[in-house]
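Please read the structure below before turning to the comments.
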Amino acid sequence: MLESRTCFKPMVTEQSATLLRLHQHYRAGHLFSAGGVGDQPAYYLDAMATIDALAAETDT
(Lines give C-alpha, C1' and ligand atoms only; values in the text may rest on other atoms or scores of the structure.)
Protein backbone atom coordinates (compact mmCIF):
# COMPACT_ATOMS: atom_id res chain seq x y z
CA MET A 1 0.00 0.00 0.00
CA LEU A 2 1.38 3.35 -1.03
CA GLU A 3 0.54 6.30 1.17
CA SER A 4 1.13 9.80 -0.12
CA ARG A 5 -0.26 13.29 0.21
CA THR A 6 0.43 13.83 -3.49
CA CYS A 7 -2.17 13.01 -6.13
CA PHE A 8 -0.44 11.00 -8.86
CA LYS A 9 -3.27 11.22 -11.39
CA PRO A 10 -1.94 14.41 -13.08
CA MET A 11 1.35 12.59 -13.67
CA VAL A 12 -0.27 9.77 -15.67
CA THR A 13 -0.01 10.34 -19.41
CA GLU A 14 -2.91 9.61 -21.76
CA GLN A 15 -0.92 6.71 -23.24
CA SER A 16 -0.31 5.22 -19.79
CA ALA A 17 -3.99 5.58 -18.87
CA THR A 18 -4.97 3.80 -22.09
CA LEU A 19 -2.54 0.95 -21.40
CA LEU A 20 -3.86 0.61 -17.86
CA ARG A 21 -7.43 0.34 -19.21
CA LEU A 22 -6.28 -2.23 -21.78
CA HIS A 23 -4.62 -4.21 -19.00
CA GLN A 24 -8.02 -4.97 -17.49
CA HIS A 25 -9.06 -6.56 -20.78
CA TYR A 26 -5.70 -8.36 -21.05
CA ARG A 27 -6.21 -9.91 -17.61
CA ALA A 28 -9.66 -11.09 -18.75
CA GLY A 29 -8.07 -12.82 -21.76
CA HIS A 30 -8.87 -10.23 -24.42
CA LEU A 31 -5.93 -9.15 -26.57
CA PHE A 32 -5.37 -5.80 -28.31
CA SER A 33 -5.20 -7.21 -31.84
CA ALA A 34 -6.93 -10.17 -33.44
CA GLY A 35 -5.02 -13.44 -33.24
CA GLY A 36 -2.78 -14.85 -30.58
CA VAL A 37 0.04 -13.52 -28.45
CA GLY A 38 2.43 -13.68 -31.40
CA ASP A 39 0.17 -11.29 -33.32
CA GLN A 40 0.33 -8.55 -30.66
CA PRO A 41 2.53 -5.45 -30.95
CA ALA A 42 5.72 -5.73 -28.91
CA TYR A 43 5.06 -2.45 -27.07
CA TYR A 44 1.67 -3.81 -25.95
CA LEU A 45 3.12 -7.07 -24.61
CA ASP A 46 5.96 -5.18 -22.91
CA ALA A 47 3.49 -2.79 -21.28
CA MET A 48 1.26 -5.63 -20.07
CA ALA A 49 4.29 -7.47 -18.61
CA THR A 50 5.45 -4.28 -16.86
CA ILE A 51 2.00 -3.60 -15.40
CA ASP A 52 1.75 -7.23 -14.22
CA ALA A 53 5.17 -7.00 -12.55
CA LEU A 54 4.34 -3.73 -10.80
CA ALA A 55 0.97 -5.05 -9.68
CA ALA A 56 2.66 -8.15 -8.25
CA GLU A 57 5.05 -5.94 -6.27
CA THR A 58 2.20 -3.98 -4.70
CA ASP A 59 0.24 -7.16 -3.88
CA THR A 60 2.91 -8.41 -1.52
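Along the sequence shown, residues are numbered consecutively beginning with 1. For clarity, every value in this text was computed on a predicted model and none was experimentally measured. The basis for the numbers below is simple: all heavy atoms, side chains too, and nothing from hydrogens, waters or symmetry mates.
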side-chain contact (heavy atoms from CB on, under 4.5 Å) evaluation trace for D52 with Y26: CA-CA 10 Å; D52 275 341; Y26 173 79; 3.6 Å; yes
Chi angles and distances behind the side-chain contact (heavy atoms from CB on, under 4.5 Å) call for L54, T50: CA-CA 6 Å; L54 292 171; T50 299; 4.0 Å; yes
CA sep, side-chain torsions, deciding dist, call: T18, Q15, side-chain contact (heavy atoms from CB on, under 4.5 Å): CA-CA 5 Å; T18 298; Q15 181 181 15; 5.7 Å; no
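P10 and C7 get closest at one heavy-atom pair: CD-O, 3.3 Å. In this structure, D39 and S33 approach most closely via the heavy-atom pair O-CB, 4.0 Å. Closest of all the heavy-atom pairs between L31 and V37 is CD1-N, 3.9 Å. Across all their heavy atoms, H23 and M48 have their closest contact at CA-SD, 3.6 Å.
No donor-acceptor distance shorter than 3.5 angstrom exists from the side chain of Q24 to the backbone of L20, with no hydrogens or angles considered.
Taken to the nearest 0.5 Å, the CD1 atom of I51 stands 5.5 Å off from the CG atom of L19.
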